[in-house]
Amino acid sequence: MPTATANQTIGPYWHLIEHPEWADLTRFGASGAVITVTGRVVDGDGAPVADAAIEIWQADPPADATFPGFGRARCDEDGRFQFRTLKPGPVRGRGNAWQAPHLALALHARGVLKPLFSRLYFAGDPRNESDPLLTAITDPARRATLIAQEAEPGHWHLDIRLQGPGETVFLEL
């Protein structure tokens, strides 16, 4: 992996990926339903993006002294990332509509001048069917790019594809 410097396109906080503990949002003793979230970041050819950083943010449970609600992980040479966090709950959104439990994602990588924003939802959650963002995506295949699958109890997996067939839905914020 190339040496990261502050003048790279993602800004002066790149060095924070050198702290793997940031990928564990339970590191301060948060209690609740602990889950692991894994995935891979790949380019349009399916090749791993080894120098990407993924950030997650969740509104529920609310951040406190034991739960920061924000994490950051680097991708390894195979484009893999992993977080340990608490299973989020539903949150209110625009118009006071309930949003399904989700993680907000931001992806930073070389050649990506602005972060790419997306979400990770949880397969099987009945609230996915009424989530305002998910229901706005009419193509089931595109919608599926935002829904993590439970690989085993408490372990959720979602790959992020930057372009091409199966491209992850990214949000314009």
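Note that the numbering runs from 1 along the sequence shown for the chain.
Of the inter-residue distances, the one linking Gln163 atom CD with Thr168 atom OG1 reads 11.5 Å to the nearest 0.5 angstrom. For the atom pair OG1 (Thr85) and CZ (Phe67), the distance works out to 3.5 Å, reported to the nearest 0.5 Å. Distance CG/Asp159 to CD/Gln149: 11.0 Å, rounded to 0.5 Å. Rounding to the nearest 0.5 angstrom, the gap separating the CD1 atom in Ile54 from the OG atom in Ser118 is 9.5 Å. Distance CG/Leu107 to CZ/Phe170: 6.0 Å, rounded to 0.5 Å. For the atom pair CG of Leu105 and CG of Leu120, the computed distance is 5.5 Å after rounding to the nearest 0.5 Å.
Not counting sequence neighbours, the partners of Pro48 by the side-chain contact (heavy atoms from CB on, under 4.5 Å) test are Arg40.
The backbone N or O of Arg161 lies less than 3.5 Å from no partner atom in the side chain of Asp43, so there is not a single donor-acceptor pair. Under the 3.5 Å distance criterion, the side-chain polar atoms of Gln99 are matched with a main-chain donor or acceptor of Arg92. In this structure, Arg27 contributes its side chain and Asp24 its backbone to a donor-acceptor pair below 3.5 Å. Under the 3.5 Å distance criterion, the side-chain polar atoms of Asp45 are left unmatched by any main-chain donor or acceptor of Ala47. With hydrogens and angles disregarded, a donor-acceptor distance shorter than 3.5 Å links the side chain of Asp131 to the backbone of Ala100. When atom types are taken as modelled, the side chain of Gln58 and the backbone of Asp60 share a donor-acceptor pair closer than 3.5 angstrom. Between the side chain of Arg119 and the main chain of Leu134, no donor-acceptor pair closer than 3.5 Å is present.
Defined by atom type and a distance below 3.5 Å, a donor-acceptor pair is missing between the side-chain atoms of His155 and Thr36.
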Discussion item. Could you go through Thr26 and Leu86, starting from their C-alpha distance and side-chain angles, then the distance that decides it, and tell me whether this counts as side-chain contact (heavy atoms from CB on, under 4.5 Å)?
Written reply: CA-CA 7 Å; Thr26 66; Leu86 299 180; 3.9 Å; yes
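What you find for Glu150 and Glu152 is that their closest heavy atoms are CG-O, 3.0 Å. Minimum heavy-atom separation, Cys75 to Val41: SG-CG2, 3.7 Å. Contact record, Thr145 with Gly166: CG2-O, 3.7 Å, taken as the closest heavy-atom pair. Here the closest non-hydrogen pair linking Ala23 and Ala73 is CB-CB, 3.9 Å. Across Phe122 and His102, no two heavy atoms sit closer than the pair CE1-CA, 4.1 Å. The two atoms that bring Lys114 and Val112 nearest to each other are O-CG1, 2.9 Å, heavy atoms only.
One hydrophobic cluster, built from ILVMFWY side chains closer than 4.5 Å, holds both Phe81 and Leu158. Using a 4.5 Å cut-off between side-chain heavy atoms of Ile, Leu, Val, Met, Phe, Trp and Tyr, with links allowed through other members, Ile35 and Phe83 fall into the same hydrophobic cluster. Both Trp156 and Leu25 are part of a single hydrophobic cluster, where members link through side-chain heavy atoms under 4.5 Å apart. In terms of hydrophobic clustering, with Ile, Leu, Val, Met, Phe, Trp and Tyr side chains grouped at heavy-atom distances under 4.5 Å, Leu146 and Leu103 are assigned to different clusters. Residues Ile137 and Phe117 are members of one and the same hydrophobic cluster, defined by side-chain heavy-atom contacts under 4.5 angstrom among Ile, Leu, Val, Met, Phe, Trp and Tyr.
Counting only heavy atoms from C-beta outward, the side chains of Arg127 and Pro101 approach each other to under 4.5 Å. With contacts defined as side-chain heavy-atom distances shorter than 4.5 Å, the pair Phe28/Pro68 qualifies.
Remark: Arg74 is not positioned above the aromatic ring of Trp22, lacking an NZ or CZ atom under 6.0 angstrom from the ring centre and at most 45 degrees off the axis.
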